[in-house]
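Data first, discussion second: the structure below is written as structure tokens.
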Amino acid sequence: MNGRRLLYWRIAAIFCFVFACIVSTKHFSSRSTIASTKPHIARLVIRGVIKNDVSRVTDALAKAQKSPSVTGLLLVVDSPGGGVTGGERLHDAIANFAAVKPVVVSMGDMGASAAYMLSVPAQHLVARPSTLTGSIGVIMQRADVSGLLSRWGVAMDAITSGKMKDQTDPTSALTPEGRAMLQGLVDDLFGQFVQMVANGRHMPVEKVRELADGRAYTGHQAIALNLVDELGDENVARRWLDNRLHVSSDYPVAALLPAHDQHWYENLFGRRRSAMLEWMIGTQAEFFLKERAASLWLDGPVAILQL
């Protein structure tokens, strides 16, 4: 009995220690950085699953757009996508910025779905040959547990104001009319996505639709399809922006947001804790677990590359 009690106390102590580490990490990583008042390039990192609440990022972009000290934007993207609303809001904020100042995107492992959506307003897109990009499409998933409940002898009655009101409820069976209604929502959001790509990449809508069946493309494939402009890394993207601004390579670059804010939607685990997770379970399993855990926080239609 005493041994079991001691085990419980040890487990509790470990949880308390981990929680304290999490709190301290967030505390130190959320310190504000002092924005440079000298002319400089703003650097923004968008990594991990994109959530729909991106107000902190869009507000920072709006301020940088108006700031005379910010002359351009270096956007570093490494994301499989995420919420359609979040991608749309970031797209609009970057489009507003790009209307007055140059923007270049540097894609890492991924710049797909909603992450590609927010990238297309940039004047220049750079991807690695192995980058997964494109994946132009929208998905809305709806669970149906009505059959399982009936097997358990549980009946759910929905009193609705209209026959479509319960069609997003997983305890109600999806009717043909409900499926058509939800398909209409997805089709409309998809049409908006296609139009954003057509506008940003200066391509006919019909051409974009040919490419937009949801598939991902490597950077090597994407450049031949005019989905990106150049192959390379962040240094290549930086050189393009320096040339556009007619500045030298030592022109200052400053983070648009403090590190914590830039990665606030990275994932549920955080970058430091991810290193230990990766060491314990391996890179691929760590990536799958983080992205799936983060995607659980998404609600409604999403534009995400599911690996």
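Taking every heavy atom of both residues into account, A42 and V70 meet most closely at CB-CG1, 3.8 Å. Smallest separation of non-hydrogen atoms from D242 and S249: OD2-CA, 3.6 Å. M196 and E88 make their closest contact through CE-CG, 3.8 Å (heavy atoms, listed as atom of the first residue, atom of the second, distance). Looking at every heavy atom in both residues, V77 comes nearest to A115 through CG1-CB, 3.9 Å. Taking both residues in full, the closest heavy atoms of R128 and G108 are given as CD-O, 4.4 Å, listed atom of the first, atom of the second, then distance. Here the shortest heavy-atom pairing between R89 and S55 reads NH2-OG, 2.9 Å.
Under a 3.5 Å cut-off, the side chain of Q195 and the backbone N or O of V205 do not form any donor-acceptor pair. Under the 3.5 Å distance criterion, the side-chain polar atoms of D188 are left unmatched by any main-chain donor or acceptor of G184. Judged purely by atom type and a 3.5 angstrom limit, Y217 has no side-chain atom pairing as donor or acceptor with the backbone of L225. Between the side chain of S113 and the backbone N or O of S135 there is at least one donor-acceptor pair closer than 3.5 Å. Between the side chain of S67 and the backbone N or O of A64 there is no donor-acceptor pair closer than 3.5 Å. Listed for the S79 side chain is a donor-acceptor partner under 3.5 Å among the backbone atoms of G48. Checking side-chain atoms of T58 against main-chain N and O of V54 turns up a donor-acceptor pair under 3.5 Å. Side-chain N or O atoms of S69 include none that pairs as donor or acceptor with a backbone N or O of P39 at under 3.5 Å.
Of the inter-residue distances, the one linking L227 atom CG with I136 atom CD1 reads 5.5 Å to the nearest 0.5 angstrom. Rounding to the nearest 0.5 Å places CD1 of I94 at 5.0 Å from CD1 of I46. Rounding to the nearest 0.5 Å gives a distance of 11.0 Å between CG of L256 and CG of L74. From L75, atom CG reaches atom CE of M107 across 8.5 Å, with rounding to the nearest 0.5 Å. To the nearest 0.5 Å, the span separating CG on N226 from NZ on K207 amounts to 9.0 Å. To the nearest 0.5 Å, atoms CG (D78) and CE (M110) are separated by 6.0 Å.
Two residues are said to be in side-chain contact when any heavy atoms from C-beta on lie closer than 4.5 Å; I41 and L245 meet this criterion. Between Y251 and K38 the shortest side-chain heavy-atom distance does not fall below 4.5 Å. Under the 4.5 Å side-chain criterion, counting only non-hydrogen atoms from C-beta, D229 is in contact with R201. Side-chain atoms of T133 and L125, non-hydrogen and from C-beta on, never get closer than 4.5 Å to each other. Between V253 and R238, the closest side-chain pair of non-hydrogen atoms falls below 4.5 Å. Side-chain contact between R43 and V76 is present, with at least one heavy-atom pair separated by less than 4.5 Å. Between L211 and M203 there is a side-chain heavy-atom pair separated by less than 4.5 Å. Residues T71 and H40 have side chains not in contact (no heavy-atom distance under 4.5 Å, counting atoms from C-beta outward).
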**Q.** Full working for side chain to side chain contact (heavy atoms under 4.5 Å, CB included) between V126 and W240
**A.** CA-CA 9 Å; V126 178; W240 180 92; 5.6 Å; no
Q.
Show, in sequence, the C-alpha distance, side-chain angles and deciding distance for D109 and R47, and conclude whether the salt bridge (charged side-chain N to carboxylate O under 4.0 Å, His left out) test is met.
A. CA-CA 10 Å; D109 293 337; R47 180 180 286 116; over 6 Å; no
Q. Does the pair L185 and V138 meet the rule for a side chain to side chain contact (heavy atoms under 4.5 Å, CB included), with working shown?
A. CA-CA 10 Å; L185 295 178; V138 177; over 6 Å; no
Q) Stepwise, does the side chain to side chain contact (heavy atoms under 4.5 Å, CB included) test hold for D233 with V236? A) CA-CA 5 Å; D233 56 11; V236 172; 3.6 Å; yes
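With salt bridges taken as basic N to acidic carboxylate O contacts below 4.0 Å, none links K51 and D53.
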